[in-house]
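This one's a predicted model, so the numbers in the text were calculated from it and none came from an experiment.
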Amino acid sequence: LTKSDMRDSLAIRTMKKKRILWTNGEAYHPGPGNLKPHFHDLKIRFHNVQGLSDPIFRGYYLHQARKACDILILAETNCIEESDVTLWKRDWKAGAGSFWARAPSSGAKRGGTCRGMAILFSNKLGTINAECIWLDPEGRGIAVKANIYGKQFIIIGSHADNASDI
């Protein structure tokens with residue numbers, strides 16, 4: 001390759017990179033950069049776990065998630081029985097509260113068995129006086145009211161139906 005060819009090749013690669021950056025918006029807004037933490041920042045995670053019935057996975061996952069976030073919203077927990085809720089709450093060790101919308105045991109109208117929601121609060125939040133204010137009977141949504149750092153919040157977790165056309 002000649003120097004001219006290499007220069008052209010470099011120019012083409014540069015143009016491709018710029019096009020990608022312009023297309024996805026990174027050229028104009030290059031991400032958050034180095035954000036300074038603020039007092040009472042909340043770290044919230046929404047995760048489709050696709051089932052939590054394996055006790056080894058559940059214990060490990062919840063332990064790691066509790067270290068990484070203050071509020072964890074889970075979709076597709078596939079938690080069906082009240083005994084599962086009791087057992088699974090224990091795996092959220094040292095939490096400020098956990099709330100579960102169980103999946104229907106059978107006869108789900110649409111969307112198969114991928115049901116069940118949970119909202120879990122880390123003990124890093126202190127006393128939150130949380131209460132569940134809504135549970136979807138089909139296991140697709142949950143809402144919890146909580147007092148976090150002296151302010152009222154309503155945390156809503158919702159998951160669309162697999163067979164939905166919306």
Side-chain angles (χ1 to χ4, degrees), residues 24-26 29 31-166:
N24 71 14
E26 284 289 315
H29 305 286
N34 293 331
L35 294 177
K36 295 179 187 175
H38 294 86
F39 188 64
H40 290 159
D41 277 351
L42 285 177
K43 296 179 198 157
I44 302 172
R45 174 190 289 178
F46 181 95
H47 191 185
N48 182 336
V49 291
Q50 298 177 342
L52 284 175
S53 61
D54 180 359
I56 295 170
F57 168 75
R58 183 178 61 246
Y60 177 78
Y61 173 77
L62 292 178
H63 175 73
Q64 296 300 320
R66 193 175 55 258
K67 292 189 308 187
C69 60
D70 301 316
I71 301 171
L72 176 62
I73 303 168
L74 301 175
E76 292 188 16
T77 61
N78 295 335
C79 180
I80 296 172
E81 302 296 328
E82 189 61 39
S83 59
D84 291 337
V85 170
T86 304
L87 179 65
W88 296 6
K89 278 184 176 185
R90 280 188 257 155
D91 287 331
W92 183 249
K93 295 178 174 75
S98 65
F99 301 87
W100 299 78
R102 295 181 312 162
S105 57
S106 63
K109 292 177 185 166
R110 302 182 339 163
T113 60
C114 301
R115 306 285 176 118
M117 297 288 302
I119 298 178
L120 304 104
F121 296 91
S122 168
N123 61 348
K124 294 182 248 177
L125 299 174
T127 303
I128 58 170
N129 299 320
E131 65 175 304
C132 186
I133 57 174
W134 174 71
L135 292 173
D136 175 31
E138 293 294 315
R140 288 291 183 192
I142 184 171
V144 175
K145 182 170 69 170
N147 186 340
I148 301 171
Y149 302 132
K151 295 184 180 182
Q152 286 289 335
F153 287 88
I154 296 178
I155 311 295
I156 301 170
S158 180
H159 189 258
D161 210 335
N162 290 341
S164 175
D165 57 357
I166 307 175

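Taking CD from E81 and CH2 from W88, the interatomic distance works out to 10.5 Å, rounded to the nearest 0.5 Å. Note that the NZ atom of K93 and the OG atom of S98 stand 12.0 Å from one another [nearest 0.5 Å]. One finds the CG atom of N147 at 11.0 Å from the CD atom of E131 (value rounded to the nearest 0.5 Å). We find the OG1-CG distance between T77 and L120 to be 9.5 Å, quoted to the nearest 0.5 Å. A distance of 7.0 Å separates CZ in R66 from CG in N123, rounded to the nearest 0.5 Å. Between the CZ atom of F46 and the CE atom of M117 there is a distance of 4.5 Å, given to the nearest 0.5 Å.
Residues F121 and I148 form a side-chain contact, since some pair of their non-hydrogen atoms from C-beta on lies under 4.5 Å apart.
Across all non-hydrogen atoms, the minimal contact from A75 to H159 is CB-CD2, 3.5 Å. Contact record, A130 with A146: CB-CB, 4.0 Å, taken as the closest heavy-atom pair. Considering every non-hydrogen atom in both A160 and R140, the closest pair reads O-NH1, 3.3 Å. Residues W92 and S122 approach most closely at CZ2-N, 3.9 Å, considering heavy atoms. In terms of heavy atoms, I142 sits closest to C132 at CG1-SG, 4.0 Å. Taking both residues in full, the closest heavy atoms of G157 and I73 are given as CA-CG2, 3.7 Å, listed atom of the first, atom of the second, then distance.
By the neighbour-count criterion of 12 heavy atoms within 6.0 Å, atom NZ of K89 is densely surrounded, having more than that number from other residues, nucleotides or ligands. The local environment of NZ in K43 is sparse, with at most 12 non-hydrogen atoms from other residues, nucleotides or ligands closer than 6.0 Å.
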Please step through side chain to side chain contact (heavy atoms under 4.5 Å, CB included) for the pair V144 and F153, ending with a clear verdict.
CA-CA 8 Å; V144 175; F153 287 88; over 6 Å; no
Test side chain to side chain contact (heavy atoms under 4.5 Å, CB included) on L72 and L62; report intermediate values, then the result.
CA-CA 9 Å; L72 176 62; L62 292 178; 4.0 Å; yes
Check step by step if side chain to side chain contact (heavy atoms under 4.5 Å, CB included) holds for L52 and D84.
CA-CA 10 Å; L52 284 175; D84 291 337; over 6 Å; no
Would R102 and I80 satisfy side chain to side chain contact (heavy atoms under 4.5 Å, CB included), going step by step from the backbone distance to the final call?
CA-CA 5 Å; R102 295 181 312 162; I80 296 172; 6.0 Å; no
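Among residues at least two apart or in separate chains, ring pair (Phe, Tyr, Trp, His ring centres under 6.0 Å) pairs with a member in residues 60-84 are H47-Y61, F57-Y61.
Panel note: side chain K124, backbone A96; no donor-acceptor pair is recorded below 3.5 Å.
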